[in-house]
Amino acid sequence: MTAFWDEQAATFDDEPDHGLRDAEVRTAWADLLLPLLPPGPAEVVDLGCGTGSLAVLLAEAGHHVRGVDLAARMVEAAVAKAAAAGVAPSSCRVMPRIRRMRRERPTSCWRGTCSGRCPTRAALGRWVPLLRPGGRCS
């Protein structure tokens, strides 16, 4: 599975809902996701962040975002996208920290609100208990 997603990384953003390059699509995602989050700055984990489009969108809205993906090339693309958007540590305190990790077996407790593309019911069962009290998965 990792090899498949690594191969997809180079063209992943070509899909309108992946790259969020179109202003209307980007606005639609913001209108969908931002009302689900508590007032900023919330701590957000984007599970399966891919190239980081949603992580960057949420970071630009003032949230502290960690992107998590199992494909190294997706992670590389996400880190580059965050830097290009000015939400990298050198230019902004709001920083999506992109990590490579298996979604189904978290190795650390990430405090905050789980947002993004949660993969399966089984994975949710493992992630939800790791949320801080009052955290939620959308």
Side-chain angles (χ1 to χ4, degrees):
M1 177 182 271
T2 301
F4 172 81
W5 289 111
D6 275 338
E7 290 175 16
Q8 300 298 309
T11 58
F12 189 77
D13 283 351
D14 293 345
E15 293 292 324
D17 281 341
H18 293 175
L20 305 186
R21 294 174 179 154
D22 180 274
E24 288 183 38
V25 173
R26 187 175 180 80
T27 299
W29 273 103
D31 290 348
L32 176 71
L33 291 177
L34 294 176
L36 298 174
L37 297 174
E43 293 181 16
V44 179
V45 177
D46 182 359
L47 301 173
C49 69
T51 60
S53 297
L54 294 178
V56 168
L57 178 78
L58 297 175
E60 289 173 336
H63 298 290
H64 300 279
V65 183
R66 290 182 191 234
V68 180
D69 204 287
L70 54 85
R73 289 192 180 143
M74 290 288 193
V75 171
E76 291 167 9
V79 170
K81 186 178 289 182
V87 291
S90 61
S91 61
C92 187
R93 70 174 181 82
V94 178
M95 176 184 75
R97 284 174 271 175
I98 312 299
R99 301 268 193 256
R100 185 172 174 225
M101 188 166 89
R102 290 181 53 89
R103 289 182 241 168
E104 299 82 12
R105 303 175 97 197
T107 57
S108 63
C109 180
W110 297 43
R111 299 173 182 229
T113 301
C114 163
S115 183
R117 301 168 300 275
C118 295
T120 65
R121 187 172 291 208
L124 285 175
R126 291 182 182 98
W127 277 98
V128 170
L130 300 179
L131 295 173
R132 121 171 54 154
R136 60 183 174 219
C137 190
S138 305

Exercise. Run through R73, Q8, K81, E76 and flag the one making a side chain to side chain donor-acceptor pair (under 3.5 Å) with T51.
Key: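 Single pass found, and it is K81.
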
Quiz prompt | Which atom of G50 lies closest to which atom of A78, heavy atoms considered | solution = O-CB, 3.7 Å

Exercise. Please report the shortest heavy-atom distance between A82 and V56, naming the atom on each side.
Key: CA-CG2, 3.7 Å

To the nearest 0.5 Å, what is the distance between [atom1] ([X]) and [atom2] ([Y])?
X	Y	atom1	atom2	value
L54	W29	CG	CH2	5.5 Å
L34	T27	CG	OG1	10.5 Å
S53	F12	OG	CZ	7.5 Å
D46	D69	CG	CG	8.5 Å
L58	C49	CG	SG	11.5 Å

Quiz item: For A72, does its backbone N or O pair with a side-chain atom of D6 as donor and acceptor, under 3.5 Å?
Solution: yes

Self-check item: H63 side chain to A42 backbone, donor-acceptor under 3.5 Å
Solution: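 Flag set: sc H63 to bb A42 pair under 3.5 Å.
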
Quiz item: Residues in side chain to side chain donor-acceptor pair (under 3.5 Å) with D22, at least two apart?
Solution: none

Exercise. Return the set of residues passing salt bridge (charged side-chain N to carboxylate O under 4.0 Å, His left out) with R26 (not counting sequence neighbours), or none when no residue passes.
Key: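 Salt bridge (charged side-chain N to carboxylate O under 4.0 Å, His left out) check on R26 returns E60.
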
Exercise. For D14, enumerate each residue passing the salt bridge (charged side-chain N to carboxylate O under 4.0 Å, His left out) test, keeping only those at least two apart in sequence or located in another chain.
Key: R21

